[in-house]
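Reading through the structure tokens given below for one structure.
Bear in mind that the values here come from a model prediction, so they are computed numbers and not experimental data. Chain letters run A, B, ... following the sequence lines, proteins first and then strands; every chain starts at 1.
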Amino acid sequence: MMQIWRQCMVVFRKELRDGARDTRSVVSALVFPLMGPAMVALIAFMVSRMDDRQREDVLHVEGAEHAPVLIERLERKLTVEPAPVDAEQQVRDGALQAVLRVPAEYEEQLQEGDPVVLELVVDSSKASNRGVVRSVERVVATQSSELGMMRLLARGVDPSLVQPFVLDTVDVSTPEHRGGSMIGAMLGMFVILSAFFCNLYIAIDATAGERERRSWEPLLLTPASRLSIVLGKWLAGLSFGMAGVTLCLFLTLLSLPLLDLDRIGVRLLLGPTTASMMLLHILPLAAMASAMQLLIASFCKSFKEAQTYLSLTLFVPMLPGMWMSFDPAPPAAWMMAVPALSQQILLSELLRGEAVALSWQLSAAGSALLATGLALWAMQRVVSREG
Amino acid sequence: MLRIEGLARRFGEVQAVADVSFEAQDGVITGMLGPNGAGKTTTLRMVYGLVRPDAGQAWVDGIDSAVEPLRARRRLGVLPDSAGLYGRLTGRENIRYFAELNGLSGAALQARIAALSTILDLDAVIDRPASGYSQGERMKVAIARAIVHDPPNIVLDEPTNGLDVMSTRAMRDCIRTLAAQGRCVLFSSHQMAEVEALCDRLVLIARGRVVAQGSPAEVCEQAGVGRLEEAFVVLVGRAEVGP
């Protein structure tokens, strides 16, 4: 037992030293974790731009002088400017976003109680015009219903008669929730991917790479037990993976104050404590990633072959993250038995500031560690078959 | 001492080794000679327990290498058919890795590497990354790595393959030194001149069987010819035709 441990440490130290001198291993372990914070920054930037865009929407109005009250209300939502002569053509050309035509008979028709037709000229095929249309629609609808009620009141009718239903949405989500759902799922996915990606090259180099440079057979000819060789290589992969995860979280932690998420109404509960908890949750998954990738790569004869297969398997840990961002299902107990999915959920809940039952946390760690054990056992069998 | 008895191994349709028995004594250089594909490498792999024999046994100082491979390997230094180094590690680090896997450490380890470096004339290059080594330097480091744990038995699979004249001479000197120290040295080759220059004893293998063994003179006698090269042609030819 002591001997296995000692030999395992010899293999571990050598793989770390060898890996640290391999530009490919180091670059991939350093560069990929940058993507996590970069992605969070990108989303935050997009969201804040969406907010700014609304304020940048410009509505051109023809005959503004006929409806001063309506225009004043529109001006609260949008920038309103007088329309040029060839307004319709300019909308067609995309030079203007939208043009509202107020008829000259506006005041007269209102007095008479006739419907006033307001014309909105817009190219609705452009997504960037949707904001203007929505704002105008809302203002006109509000104005319309207010005026309608006043007419009913003037005739002695209770306005609530024409409004049988009132839909009142009570939004119970907190800013933590809203931020936690999208940015959290994204960050969780990158943290999980780091655990898989950052040990990829060292796993390949320590198995298929050994075969390719023909150092595998000499290694197997030493009196080192197969188990200690497998464990040493696995620990080296795990170290690279966890280094990547730590780096990813650390960089995100550093970049959060710069992003000013509060401005877009998003709060991400990521502090040193949460980050440490995330590391703890990821550890069993990183252990599994290292073992699985070593196992797959140990079947391959060359670096290229292993690289091909392993980059295909990288898609698998991405699936839960994608699923969670597009169709957020409520977490269920069975999900804790699925490695990667369970960690994705645990990380999301942490970022949302939700408590997760200890039994869930344990079964998530347990299933990943079970998979680790199986993969290491299989790998040891593969290696032993050769002598 | 290595003792091999009735080894056989089949890979699918190919009977790589059919029936190989011989002994390699301590202090003696035993050469295993045979054409390409005769079963030399497979036989050696069974000796160091990397391939399981279908039949027969191989003992390293009395330890069955199929039963106790790790114990057998402690008494065995092997320069295998494929002897790649770790290119990003220096020669010294390459040797140290294998020394540590053999249980060496501390001052004893450093002294051993220093001694090997001097014997093999590696002092000038030992602290450079192995990726920049010449073929000869690579082979020397591979040898140092194989014998760093001071094994009483040494197996070399085609050790002079691809070496230039100077390196080949250095390798031969090294093999002679190892045998003179009382170790059992077994090496394989498909080159007649090499075997003739080095060996005290010969084992001639063709189509997975031992076709002749003994001192070079005895082998010539068995073939009924005067020169070893002719003996090789005659004996291998007989095996190829079959009984």
Subject >> Residues which pass salt bridge (Lys or Arg N to Asp or Glu O under 4.0 Å) with A:Arg21, listed by chain and number, not counting sequence neighbours >> reply: B:Glu93
Subject >> Results of salt bridge (Lys or Arg N to Asp or Glu O under 4.0 Å) for B:Arg92 - residues two or more places apart only >> reply: B:Asp127
**OP:** Going by the side-chain contact (heavy atoms from CB on, under 4.5 Å) test, name the single residue among B:Ser189, B:Ser188, B:Ser82 that passes it with B:Asp157.
**Re:** B:Ser188
Original post:
Between A:Arg213, A:Lys14, A:Gln7, A:Arg6, which has the largest tally of heavy atom pairs under 4.5 Å with chain B?
Top reply: A:Lys14
Original post:
When only pairs under 4.5 Å are counted, which of A:Pro223, A:Ser228, A:Ser215 shares the most heavy-atom pairs with chain B?
Top reply: A:Pro223
For [X], is it the side chain, the backbone, both or neither that has a heavy atom under 4.5 Å from a heavy atom of chain A?
{"X": "B:Leu101", "answer": "both"}
{"X": "B:Arg96", "answer": "side chain"}
{"X": "B:Arg88", "answer": "both"}

**OP:** For the residue pair A:Ser290 and A:Asn199, confirm or rule out a side-chain donor-acceptor distance under 3.5 Å.
**Re:** no
Original post:
Do the side-chain N and O atoms of A:Glu305 and A:Gln307 include a donor-acceptor pair separated by under 3.5 angstrom?
Top reply: no
Subject >> When B:Val78, B:Asn94, B:Leu89 are compared by non-hydrogen pairs under 4.5 Å with chain A, the top option >> reply: B:Leu89
**OP:** Among B:Arg71, B:Arg74, B:Arg52, single out the residue with the greatest number of heavy-atom pairs under 4.5 Å to chain A.
**Re:** B:Arg74
Original post:
Of the backbone (N, CA, C, O) and the side chain (C-beta and beyond), which part of A:Leu219 lies under 4.5 Å from a heavy atom of chain B, both, or neither?
Top reply: both
**OP:** Please look at A:Glu212 and chain B and tell me whether the side chain, the backbone, both or neither of the residue comes under 4.5 angstrom of a heavy atom of that chain.
**Re:** neither
Original post:
Are B:Asp150 and B:Arg183 within salt-bridge range, i.e. N to O under 4.0 Å?
Top reply: yes
Original post:
Is any NZ, NE, NH1 or NH2 atom of the basic residue among A:Glu210 and A:Lys233 found under 4.0 Å from an Asp or Glu carboxylate oxygen of the other?
Top reply: yes
